Colleague: 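This is the structure I want to talk about, given as structure tokens.
This structure is a prediction, so every number in the text was calculated from the model and none was measured. Order of appearance sets the numbers: ligands from 1, and atoms from 1 within every ligand.
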Amino acid sequence: MFDNTIPLLGVLALVALAGLLTLRPLRRAVLTRSIFSAYRKVLPQMSDTERDALEAGTVWWEGELFQGKPDWRKLHAYPVPTLTAEEQSFLDKECEEACRLVDDWKVTHELYDLPHEAWRYIKDKGFLGMIIPKKYGGLEFSAYAHSQVVTKLSTRSSALSVSVMVPNSLGPAELLLHYGTEEQKNHYLPRLAKGIEVPAFALTSPWAGSDAASIPDSGVVCKGIYQGKEVLGMRVSWDKRYITLAPVCTVFGLAFHLYDPDGLLGDKKHIGITCALVPYDHPGVDTGRRHFPLNAMFMNGPTRGKEVFMPLDFIIGGPAMAGQGWRMLMECLAAGRSISLPSSNTGMAQMTARAVGGYARVRSQFKMAVGKFEGVEEALTRIGAYTYMMDAVRKMTAGAVDLGEKPSVVSAIAKYHVTERARVVVNDGMDVIGGKGICLGPSNFLGRAYQQIPVAITVEGANILTRSLIIFGQGAIRCHPYLLPEMRAAQNPDVRQGLVDFDRALFGHIGFTVKNGWRAFRQGLTGSHFVTVNTDVAPEMKRYYQQLTRFSAAFAFLSDVSLLVLGGSVKRREKLSARLGDILAQMYLISCTLKRYEAEGRKKEDAPLAHWAIWDAMYKAQQAFDGVIANFPVRFIAAVVNRLIFPWGHPYVVPSDEVGHQVAKALIAPSATRDRLTAECYLPLQENEPVGAIELALKATLEAEQIEAKIRAAEKDGRFDGNPQANVRDIAIVAFEAGVINAAEYEVMKRRNHLRDIVVRVDDFPFDYGVATANKPADDRMAA
Ligand SMILES: Cc1cc2nc3c(=O)[nH]c(=O)nc-3n(C[C@H](O)[C@H](O)[C@H](O)COP(=O)(O)OP(=O)(O)OC[C@H]3O[C@@H](n4cnc5c(N)ncnc54)[C@H](O)[C@@H]3O)c2cc1C
């Protein structure tokens, strides 16, 4: 009797509970009220700056990934960004010319700056005003065109690309466009568009880097004399460092806390962070000194001022915008972050893929092109596949900006993951080219890129912070359908309304979590084979859509469980938060890659690049799941979640060597795939240009390969035995003299050898080159 009664009672209790839960007033009174008051107590107080940062921007594709059921139709319906004829022409002519005017070795070693003619050219041609509308004399380029320009310039010189990138990123022009008064816009924008004004933006201080809202720089509202008249203004003191273009700027945005102790503007004593536009020659302003950010030679330096009086009209947007500086910065951050570093770092990767791939075919050791050794292939594979994925990410993210999005989470993902992949790509490139990358000089094409990588990692949100605090921290709150409504309800001063809203959000949330948990389990049990992909996709990619759908449900479920168990402390548990962010980020990178593959017409020849990159990212996402589960503080829950998400164990292993081989092969020979992968690369086909020489040498190497095989066969047969000239450098002439190859073939070999020798050459200098005069040795080494 007991056996039957207990389940029956259980079922009845569940039915009763379910019935109770559908009666909202009763549910609120019995259950929600106590949860609501407990939640209000534990909800951490948020500062205004935190709230501005969290609420800034819009949610885009990452919202789909966060909610456990991505709608693939949406992904493929996003328009593929394209260039107008004018933008394309700018890329083909003006960008090519700007690249031609810059010799990176001269810039970084001799001039310590861009050459004058390059500065003149980029100013005159409007490079500094790409985001400024035409009515102000700017180029009014799309975000995508802007990204294309930065990508291309970065394949040539970081000083060039940064000098163009910064005026078009978060700074005076962008802030004026959104918040400036008509007078400010009419004065500054035409001048910025033509480079008559060079802008900088000064936020960072020695005491406040990542925690930029804590800058000690301050201004006090007071009266003072400006242009001979007494006006209401501010006395501002600041000490800023690392400010790009500061040494050469003519006007800079300055962020500081504004105080009004005498109540001259109202009753608020601490008005808040304020952004002003300050001319470099305003009395008391100190700019002009520079730092040397890892020999990049773009201008960067400090600016200081002590009790500098400036009128309130200097505030961007005028006095009405005093105190709105942080909100302004947070609102504008996403656009620049979506474009600048993802583009510049993709440019670096494209150049690496092109030049290192070519070099690996031209350079032989052990009588074989080094790019054909399996060990080198591994590095080439990462270079190729990551470059493909990085390019996909920067294009799709710039496309989001063109759709009117301010994608705060996605831009953080793009910034972090593209720069981290660039680090891998350039490092791998350095390994492949060996000493050639190490000895600096005019023929080194990669050493400066290698030096530059840490700059990208540090700026626009240092990477560790971006990964640990922003991607999931902001992503969870912004993308989750119920979290923000719950928080807003709990903070509602109208407690009754707050309870009603909280109840609705809470039960929506519970349903959401349960559904995602069930979906993740079901899809895990069936290996996601029965997941329907709701749009037409390339058959060879279909499994990724299915697996990603499964991972999305699992991620949504794991996020909710983590938030439930860790609550507000998830912010401090950075390692867990970072790994959760990694899962979201890898899913975004994969989405971009799938989108690229479709957008480019499902090119079968490019499929290995997409396969390897996606496979690797799926594996990394799986590792991130593991990292969260293995370190979850409540072990019982971790075990249950693990069983639910991975009922049969792990679906992914490392990407296959065979696919990797196909990727590496695509890099070491000319092909349409290689051209698409490196489409923005500046390629001057001249022997005195290091990257151009590799292109020429690659072609010559391929033309000579059959002839070389003939020579090797003759060598194996002992035809050149005992001839000291039959060495790696001179064997062609021996073969010619021995009649193994004819005159025409010898010419091909000679040309190959000539270009090969240029490519493998490194620079050398007099032994006292660059030594300070005071430290010069005596004339004769022996006499020293
Ligand atoms: C070349 C260059 C150009 C720049 N250009 C400009 C510019 O034009 N204008 C401007 O205003 N600023 C500029 N900056 C400043 C740049 O934005 C800051 O360097 C950056 O914000 C980091 O500050 P920091 O270097 O002081 O590092 P810190 O803030 O001291 O950080 C040190 C480390 O701690 C990590 N970290 C900090 N807080 C956390 C956290 N809560 N969780 C996890 N990790 C954390 C960071 O990720 C970093 O790895 C530039 C910097 C450089 C180097």
Side-chain angles (χ1 to χ4, degrees), residues 47 49-50 53 108 128 158-159 161-175 198-217 238-249 251-256 273 275-276 278 280 287 289-304 325-326 328-330 332-333 336-337 340-341 344-345 412 415-416 419-420 423 448 451-474 569-579 581-582:
S47 67
T49 50
E50 274 180 310
T108 57
L128 307 191
S158 64
S161 72
V162 172
S163 304
V164 167
M165 200 165 98
V166 166
N168 289 293
S169 192
L170 179 55
E174 167 123 43
L175 294 172
V198 175
F201 189 76
L203 171 65
T204 304
S205 106
W207 302 274
S210 300
D211 184 11
S214 333
I215 38 172
D217 315 291
W238 70 92
D239 183 353
K240 306 284 194 184
R241 66 176 179 183
Y242 306 149
I243 311 306
T244 301
L245 296 184
V248 293
C249 76
V251 61
F252 61 97
L254 177 68
F256 56 90
I273 293 182
C275 294
V278 185
Y280 81 107
T287 58
R289 292 183 65 75
R290 76 184 289 190
H291 307 300
F292 285 113
L294 289 172
N295 291 339
M297 297 308 156
F298 58 83
M299 287 291 168
N300 180 281
T303 167
R304 300 180 184 96
W326 191 253
M328 288 156 62
L329 295 180
M330 291 302 109
C332 292
L333 178 68
R337 195 168 59 184
S340 301
L341 289 157
S344 59
N345 277 244
K415 191 271 160 173
Y416 177 87
T419 57
E420 287 296 336
R423 166 144 68 181
R448 292 302 193 199
Q451 280 183 299
Q452 281 311 287
I453 289 293
V455 175
I457 301 292
T458 300
V459 301
E460 291 203 8
N463 273 13
I464 296 180
L465 167 116
T466 301
R467 172 172 179 254
S468 319
L469 209 62
I470 295 179
I471 296 178
F472 183 76
Q474 192 170 3
S569 77
V570 78
K571 194 174 150 188
R572 272 175 284 113
R573 305 293 293 257
E574 287 194 348
K575 291 179 193 162
L576 290 184
S577 175
R579 291 177 189 126
D582 288 346

Colleague: Check H291 against G301 and note the closest heavy-atom contact, atom names and distance.
Modeller: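 Where H291 meets G301 most closely, the heavy atoms are CD2-CA, 3.4 Å.
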
Colleague: What is the nearest protein non-hydrogen atom to atom 12 (N) of ligand 1, stated with its residue, atom name and distance?
Modeller: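 The closest heavy atom on the protein side is T204 OG1, 2.6 Å.
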
Colleague: Using a strict cut-off of 4.0 Å, indicate which atoms of ligand 1 neighbour a heavy atom of N300.
Modeller: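 With N300 as reference, the close atoms of ligand 1 come out as 1 (C), 2 (C), 3 (C), 4 (C), 5 (N).
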
Colleague: Short question: side chain of Q452, backbone of S158 - any donor-acceptor pair under 3.5 Å?
Modeller: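 No.
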
Colleague: With a 4.5 Å limit on heavy-atom distance, are the side chains of E420 and I457 in contact?
Modeller: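 E420 vs I457: side chains touch.
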
Colleague: Nearest heavy-atom pair of L329 and L175: which atoms, and what distance?
Modeller: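 Nearest heavy atoms, L329 then L175: CD2-CD1, 4.2 Å.
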
Colleague: Show which atoms of ligand 1 fall inside a sub-4.0 Å distance from at least one heavy-atom site of L469.
Modeller: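 Near L469, meaning under 4.0 Å from one of its heavy atoms, ligand 1 has 41 (N).
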
Colleague: Taking side chain as C-beta onward, heavy atoms only, is I453 less than 4.5 Å from N345?
Modeller: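 I453 vs N345: side chains touch.
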
Colleague: Which of the atoms in ligand 1, numbered in the order shown and given with their element, are less than 4.0 Å from a heavy-atom of F298?
Modeller: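 Those qualifying, in numeric order: 1 (C).
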
Colleague: Distance to 0.1 Å, residue and atom name: give those for the protein heavy atom nearest to atom 6 (C) of ligand 1.
Modeller: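 The closest heavy atom on the protein side is Y242 O, 2.9 Å.
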
Colleague: Tell me if a side-chain donor or acceptor on K415 pairs with a main-chain N or O of R337 at a distance below 3.5 Å.
Modeller: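 Not at all, since once roles are kept as given, no pair shorter than 3.5 Å links the two residues.
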
Colleague: Identify the two heavy atoms, one from R467 and one from Y416, that lie closest to each other, and give their separation to 0.1 Å.
Modeller: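 Heavy atoms of R467 and Y416 come nearest at CD-OH, 3.2 Å.
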
Colleague: Would you mind checking which non-hydrogen protein atom is closest to atom 49 (O) of ligand 1, with the distance to 0.1 Å?
Modeller: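 Ranking protein heavy atoms by distance from atom 49 (O) of ligand 1, first comes I464 CD1, 3.8 Å.
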
Colleague: Would a search of protein heavy atoms around atom 23 (O) of ligand 1 find one under 4.0 Å away?
Modeller: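 For atom 23 (O) of ligand 1 the answer is yes, since some protein heavy atom falls inside 4.0 Å.
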
Colleague: Heavy-atom contacts with V455 under 4.0 Å: which atoms of ligand 1 show up? List them by number with element.
Modeller: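 Near V455, meaning under 4.0 Å from one of its heavy atoms, ligand 1 has 1 (C).
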
Colleague: Only heavy atoms of V459, strictly under 4.0 Å: list the atoms of ligand 1 that pass.
Modeller: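 Numbered from 1, ligand 1 contributes 2 (C), 3 (C), 4 (C), 50 (C), 51 (C), 52 (C).
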
Colleague: Enumerate the atoms of ligand 1 whose separation from the nearest heavy atom of P293 is less than 4.0 angstrom.
Modeller: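 So the atoms of ligand 1 that pass are 1 (C).
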
Colleague: Quick test of your reading of the structure: of R241, Q452, R467, E574, whose heavy atom lies closest to atom 40 (C) of ligand 1?
Modeller: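 Ranked by closest heavy atom to atom 40 (C) of ligand 1, first place is E574.
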
Colleague: Using a 3.5 Å distance criterion without hydrogens, assess whether the side chain of D217 forms a donor-acceptor pair with backbone atoms of D239.
Modeller: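 Flag set: sc D217 to bb D239 pair under 3.5 Å.
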
Colleague: Testing the basics here: between W207 and P216, what is the closest heavy-atom pair and its distance to 0.1 Å?
Modeller: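 Residues W207 and P216, closest heavy atoms: CE3-CG, 3.9 Å.
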
Colleague: List the closest protein heavy-atom neighbour of atom 20 (C) of ligand 1: residue, atom name, distance to the nearest 0.1 Å.
Modeller: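 It is T458 O, 3.6 Å.
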
Colleague: What is the closest protein heavy atom to atom 8 (O) of ligand 1, and at what distance does it sit?
Modeller: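 Here the nearest protein heavy atom works out to T244 N, 3.0 Å.
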
Colleague: If you define the side chain from C-beta out and look only at heavy atoms, does anything of V278 sit under 4.5 Å from V251?
Modeller: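 V278 vs V251: side chains apart.
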
Colleague: Does the side chain of S577 reach to within under 4.5 Å of the side chain of R579, using non-hydrogen atoms?
Modeller: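 They are not in contact (no side-chain heavy atoms under 4.5 Å apart), so the answer is no.
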
Colleague: Measure from atom 29 (O) of ligand 1 to every heavy atom in S210, C249, A212 and give the option owning the shortest one.
Modeller: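 When every heavy atom of S210, C249, A212 is considered, S210 comes closest to atom 29 (O) of ligand 1.
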
Colleague: Tell me whether atom 46 (C) of ligand 1 lies less than 4.0 Å from at least one protein heavy-atom position.
Modeller: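 So far as the 4.0 Å threshold goes, atom 46 (C) of ligand 1 is in reach of a protein heavy atom.
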
Colleague: Relative to the heavy atoms of L203, which atoms of ligand 1 are at a distance of less than 4.0 Å?
Modeller: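 Answer for ligand 1: 10 (C), 11 (O).
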
Colleague: Which pair of heavy atoms, one from F252 and one from W238, lies closest together, and at what distance?
Modeller: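 Heavy atoms only, the tightest pair is CZ-CZ2, 3.9 Å.
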
Colleague: Only heavy atoms count here, so choose which of G209, S577, A578 is nearest to atom 26 (O) of ligand 1.
Modeller: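 Of the listed residues, G209 has the closest heavy atom.
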
Colleague: Any protein heavy atom under 4.0 Å from atom 2 (C) of ligand 1?
Modeller: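 Yes, there is a protein heavy atom closer to it than 4.0 Å.
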
Colleague: Could you tell me the residue and atom name of the protein heavy atom closest to atom 48 (C) of ligand 1, and the distance to it rounded to 0.1 Å?
Modeller: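 Here the nearest protein heavy atom works out to A462 CB, 4.0 Å.
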
Colleague: Restricting to non-hydrogen atoms, name the atom on I215 and the atom on A255 that form the minimum distance, rounded to 0.1 Å.
Modeller: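 Taking every non-hydrogen atom into account, CD1-O, 3.5 Å.
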
Colleague: Enumerate the atoms of ligand 1 whose separation from the nearest heavy atom of I243 is less than 4.0 angstrom.
Modeller: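 The atoms of ligand 1 under 4.0 Å from a heavy atom of I243 are 7 (C), 8 (O), 9 (N), 10 (C), 11 (O).
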
Colleague: Starting from atom 39 (C) of ligand 1, locate the nearest protein heavy atom and write down its residue, its atom name and how far away it is, to 0.1 Å.
Modeller: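 Of every protein heavy atom, L465 CD1, 3.5 Å lies nearest to atom 39 (C) of ligand 1.
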
Colleague: Tell me which protein heavy atom sits closest to atom 9 (N) of ligand 1, plus the residue, atom name and distance to 0.1 Å.
Modeller: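 Ranking protein heavy atoms by distance from atom 9 (N) of ligand 1, first comes F201 O, 2.8 Å.
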
